[in-house]
Amino acid sequence: MSMDDLPDTPTDARPDPRWRRRKEARPGEILRAALDIFLERGYKAARLEDIARSAGCTKGTIFLYYAGKAELFKAAVLEAMVPILESAEQSFADHHGSVSELLTTHMRTRWHALQHSRISKLPEMIVAERDEFPELVRFFYSEVFGRSQRLFVRILDEGVARGEFRPMDTEQMSLVIMATNAMGVMWRHSFDAIETPSFDTDRYFETALDQFIRGIAATSTVGSP
């Protein structure tokens with residue numbers, strides 16, 4: 001154990017248990033603490049000292065794993081988002097039912113991941129810091145947004161190929177799907193603060209989902225009872 005891992009206590013004092021954790025656990029603890037503070041304060045205002053304190057280590061320990069603040073932010077985002085993306089991609093690979101069912105499940109899973117967890121603030125934070133830190137926007141687009149969009153395109157293409165969905169511009173339609181999530185996130189982190197009574201996020205999503213699935217069906221039933 002390095003000196004950076006020890007608290008400033010007399011040598012004969014019993015060390016706090018948090019300093020005796022396995023070093024293998026440190027990167028995950030640092031990433032979780034980092035994401036919390038980035039989401040709470042934004043990228044610019046987040047300080048490595050505060051992240052280290054929250055993770056129960058020193059600032060120097062962070063540099064053992066990450067070259068700097070930008071690298072730490074990217075790693076924290078990927079730790080939070082990659083399992084969600086990989087799970088969705090695996091569900092596509094393993095699915096044997098209708099593509100409509102797959103798309104419905106995927107849209108609903110993505111909605112709940114964005115609306116009912118802490119990561120829902122990520123898009124808002126990225127947009128707020130885009131002018132000063134454009135590299136963060138490029139990173140988020142490439143590694144998160146773009147990857148998610150590509151999966152939607154694959155699902156839509158599969159539905160068209162099987163004759164379940166009508167012919168369409170699947171790339172643009174994937175953006176329409178993702179705009180549904182963007183609207184919900186914007187409302188949750190903006191207009192919810194003024195307690196608007198007319199917007200129920202889950203009712204909004206189910207309405208949008210119903211209209212979307214029926215609208216892209218090979219034999220459209222939009223307007224049917």
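Numbers here simply count residues along the sequence, with the first being 1.
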Exercise: do Thr61 and Arg26 side chains pair donor with acceptor under 3.5 Å:
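Checked: Thr61/Arg26 side chains show no N/O donor-acceptor pair below 3.5 Å.
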Cut-off 3.5 Å, side chains only: do Glu164 and Ser100 have a donor facing an acceptor?
no
Applying ring-ring contact (aromatic ring centres under 6.0 Å, His included), run through Phe152 and His106 and close with a yes or a no.
CA-CA 9 Å; Phe152 276 120; His106 184 51; 4.7 Å; yes
Residues Glu89 and Arg154 bridged, charged N to O under 4.0 Å
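Salt bridge flag = no for Arg154 with Glu89.
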Answer yes if Val127 and Val77 sit in the same cluster of Ile, Leu, Val, Met, Phe, Trp and Tyr residues linked by side chain heavy atoms under 4.5 Å apart, and no otherwise.
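No, it is not one cluster - the side chains of Val127 and Val77 are not joined through contacts under 4.5 Å.
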Going hydrophobic residue to hydrophobic residue with side-chain gaps under 4.5 angstrom, can you get from Val153 over to Val144?
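Cluster IDs for Val153 and Val144 differ.
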Working for side chain to side chain contact (heavy atoms under 4.5 Å, CB included), residues Lys59 and Arg53
CA-CA 8 Å; Lys59 180 178 175 180; Arg53 186 178 304 110; over 6 Å; no
Determine whether [X] and [Y] make a side-chain contact, defined as any pair of heavy atoms from C-beta on separated by less than 4.5 Å.
{"X": "Ile51", "Y": "Lys69", "value": "no"}
{"X": "His112", "Y": "Phe205", "value": "no"}
{"X": "Ser54", "Y": "Asp36", "value": "no"}

Given side chain to side chain contact (heavy atoms under 4.5 Å, CB included), test Leu103 with Phe165 step by step and report yes or no.
CA-CA 11 Å; Leu103 180 59; Phe165 301 156; 4.0 Å; yes
Polar side-chain atom of [X] near backbone of [Y] as donor-acceptor pair, under 3.5 Å:
{"X": "Thr105", "Y": "Glu101", "answer": "yes"}
{"X": "Arg32", "Y": "Glu79", "answer": "no"}
{"X": "Gln90", "Y": "Ser87", "answer": "no"}
{"X": "Ser174", "Y": "Glu171", "answer": "yes"}

Working to the nearest 0.5 angstrom, can you tell me the gap between [X] [atom1] and [Y] [atom2]?
{"X": "Glu129", "Y": "Phe140", "atom1": "CD", "atom2": "CZ", "result": "13.0 Å"}
{"X": "Leu39", "Y": "Arg41", "atom1": "CG", "atom2": "CZ", "result": "12.0 Å"}
{"X": "Arg108", "Y": "Asp202", "atom1": "CZ", "atom2": "CG", "result": "10.0 Å"}
{"X": "Met81", "Y": "Ile119", "atom1": "CE", "atom2": "CD1", "result": "4.5 Å"}
{"X": "Met173", "Y": "Ile155", "atom1": "CE", "atom2": "CD1", "result": "14.0 Å"}
{"X": "Glu158", "Y": "Phe92", "atom1": "CD", "atom2": "CZ", "result": "5.0 Å"}

On a heavy-atom basis, which atom in [X] and which in [Y] lie closest, and how many Å separate them?
{"X": "Ile84", "Y": "Ala80", "result": "CD1-O, 3.7 Å"}
{"X": "Ile62", "Y": "Leu48", "result": "CD1-O, 3.6 Å"}
{"X": "Gly163", "Y": "Ala218", "result": "O-CB, 3.2 Å"}
{"X": "Met125", "Y": "Tyr43", "result": "SD-N, 3.9 Å"}
{"X": "Ala88", "Y": "Ser91", "result": "O-OG, 2.6 Å"}
{"X": "Leu31", "Y": "Leu72", "result": "CD2-CD1, 3.9 Å"}

Show your reasoning for whether side chain to side chain contact (heavy atoms under 4.5 Å, CB included) applies to Lys121 and Glu40.
CA-CA 9 Å; Lys121 286 198 70 175; Glu40 177 188 343; over 6 Å; no
Sole residue of Thr104, Ile177, Thr207, Thr180 in side chain to side chain contact (heavy atoms under 4.5 Å, CB included) with Phe212:
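Result for side chain to side chain contact (heavy atoms under 4.5 Å, CB included) with Phe212: Ile177.
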The test is side chain to side chain contact (heavy atoms under 4.5 Å, CB included); show your working for Leu175 and Phe145 and say whether it passes.
CA-CA 10 Å; Leu175 295 175; Phe145 185 93; 4.0 Å; yes
